[in-house]
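Below, chains carry the letters A, B, ... as their sequence lines are ordered, and counting in each starts from 1.
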Number of protein chains: 2
Amino acid sequence: MNNSHFSISLHILTLLDQVKGQLLNSEYIAGSINCNPVLVRKELANLHKHGFVQSKEGKGGGSTLAKNAADINLGDVYRAVKQKSLLGESRNEPNPDCPVGKQITKHLTDLYHEAEAALVKNLSSKTLKDFSAGFK
Amino acid sequence: MNNSHFSISLHILTLLDQVKGQLLNSEYIAGSINCNPVLVRKELANLHKHGFVQSKEGKGGGSTLAKNAADINLGDVYRAVKQKSLLGESRNEPNPDCPVGKQITKHLTDLYHEAEAALVKNLSSKTLKDFSAGFK
DNA sequence: TTGTTCTGTAATTAAAATTGTTACAGTATG
DNA sequence: CATACTGTAACAATTTTAATTACAGAACAA
């Protein structure tokens with residue numbers, strides 16, 4: 001995750017905002033993003049779980065925003081979408097017999113948490129409405 | 001990149017600081033990180049390119065810090081190590097025939113740049129000395 | 001009430017990115 | 001000149017990510 005999920009989610013939310021309440025189906029959205037509709041549906045499922053969108057099943061179905069774009073802030077979207085830490089998360093455990101290796105995971109985790117919090121804080125200063133307003 | 005590179009680089013720098021000027025070879029470092037020595041050497045090559053470490057080739061060779069730990073700030077390390085954007089960078093080009101698809105790459109890039117700048121600013125408030133001092 | 005068009009989700013395959021491995025030239029040391 | 005390193009490149013293995021296929025269930029409309 002990380003890279004694409006947030007981009008895809010924001011793309012979806014922006015589209016939904018732009019069409020002002022109209023239902024969009026996953027194929028249309030996928031066409032705009034240029035990716036697979038199933039990927040869009042998975043992303044929508046997550047956005048739905050976090051209360052950002054509503055979906056209607058069946059013929060003529062699709063998705064729409066579940067709340068006002070002004071009430072969706074990008075930090076919240078980021079948190080909803082995030083699956084793993086931006087930094088860190090190495091494949092192998094450092095050597096527990098080395099004084100540095102033994103402690104570094106915790107120190108890195110703390111460092112990353114703080115740094116990421118700064119990033120999220122920045123995102124939180126913007127709403128979907130702000131972001132979407134940039135499109136003309 | 002992204003995840004592991006920064007972690008590995010910081011791990012290396014911390015080790016080098018802890019041994020106070022002693023030369024460490026890639027195999028020793030790899031042993032602490034629990035990864036392949038070649039990966040360490042690649043990382044060292046990058047750190048060297050950016051002036052953080054010095055290496056000595058040949059028998060008895062190894063690496064050491066090229067400057068004082070107090071003069072190495074983690075934001076600079078991050079920038080040196082970074083190879084791609086934290087957020088963004090999707091695989092496919094969005095659809096240029098869609099008003100949103102057409103503009104979103106630029107908007108996302110701007111958003112990510114700002115958010116990432118906030119993260120780097122946070123990291124920049126800490127030096128290697130600060131970080132390394134946490135190990136006892 | 002039946003065909004159609006969607007969502008939601010799982011399972012599988014394909015592609016891409018990351019990491020590990022092997023190999024070896026070049027450099028310093030004793 | 002043997003040994004022990006760095007620095008790189010080329011390749012293989014692994015892991016992660018995205019695409020594809022498939023299908024049950026929901027809503028709609030004739």
Worksheet item: Within less than 4.0 Å of OP1 or OP2 of C:dT18, is there a side-chain N or O belonging to B:His5?
Response: no

Item to complete: Take B:Asn92 and B:Ser55, find for each the nucleotide of DNA chain D with the closest heavy atom, and name the residue whose nucleotide sits nearer the 5' end.
Response: B:Ser55

Worksheet item: Using a cut-off of less than 4.0 Å, is there contact between a side-chain N or O of B:Ser4 and OP1 or OP2 of C:dT19?
Response: yes

For residues 55-64 of chain B, which side-chain N or O atoms pair as donor and acceptor with protein atoms under 3.5 Å away, sequence neighbours left out?
| unit_1 | atom_1 | unit_2 | atom_2 | d |
| --- | --- | --- | --- | --- |
| B:Ser55 | OG | B:Ser63 | OG | 3.1 |

Nucleotide N/O of nucleotides 26-30 of chain D paired with protein N/O under 3.5 Å:
| unit_1 | atom_1 | unit_2 | atom_2 | d |
| --- | --- | --- | --- | --- |
| D:dA26 | O4' | A:Glu57 | OE1 | 2.9 |
| D:dA27 | N3 | A:Lys59 | N | 3.3 |
| D:dC28 | OP1 | A:Lys56 | NZ | 2.6 |

Identify all side-chain donor-acceptor contacts of residues 44-54 of chain B below 3.5 Å with residues at least two apart in sequence or on another chain.
| unit_1 | atom_1 | unit_2 | atom_2 | d |
| --- | --- | --- | --- | --- |
| B:Asn46 | OD1 | B:His50 | ND1 | 3.4 |
| B:Asn46 | ND2 | B:Ala80 | O | 3.2 |
| B:His50 | ND1 | B:Asn46 | O | 3.0 |

Please output the side-chain donor-acceptor pairs of residues 69-76 of chain A that fall under 3.5 Å, not counting sequence neighbours, one pair per line with the distance.
| unit_1 | atom_1 | unit_2 | atom_2 | d |
| --- | --- | --- | --- | --- |
| A:Asn73 | OD1 | A:Gly75 | N | 2.7 |
| A:Asn73 | OD1 | A:Asp76 | N | 3.1 |
| A:Asn73 | ND2 | A:Asp76 | OD2 | 3.1 |
| A:Asp76 | OD1 | A:Arg79 | NH2 | 3.1 |

Practice prompt. Apply ring-ring contact (aromatic ring centres under 6.0 Å, His included) to B:Phe135 and list each qualifying residue two or more places apart in sequence or on a separate chain.
Written response: A:His107, B:Phe131

Discussion item. Taking atom NZ as the centre, does A:Lys129 end up with more than 12 heavy-atom neighbours from other residues, nucleotides or ligands that are less than 6.0 angstrom away?
Written reply: no

Worksheet item: Sequence neighbours excluded, which residues qualify as side-chain hydrogen bond (donor to acceptor under 3.5 Å, both in side chains) partners of A:Lys136?
Response: none

Worksheet item: Near DNA chain D, under 4.0 Å by heavy atom, which residues of residues 22-52 of chain A?
Response: A:Cys35, A:Asn36, A:Val38, A:Leu39, A:Arg41

Discussion item. Suppose we screen for side-chain hydrogen bond (donor to acceptor under 3.5 Å, both in side chains). Which residues come up paired with A:Asn92, at least two apart in sequence or across chains?
Written reply: none

Just list the side-chain donor-acceptor pairs under 3.5 Å for residues 12-22 of chain A, sequence neighbours left out, or say none.
| unit_1 | atom_1 | unit_2 | atom_2 | d |
| --- | --- | --- | --- | --- |
| A:Thr14 | OG1 | A:Leu10 | O | 2.7 |
| A:Asp17 | OD2 | A:Ser132 | OG | 2.6 |
| A:Gln18 | NE2 | A:Ser132 | O | 3.0 |
| A:Gln18 | NE2 | A:Ser132 | OG | 2.9 |

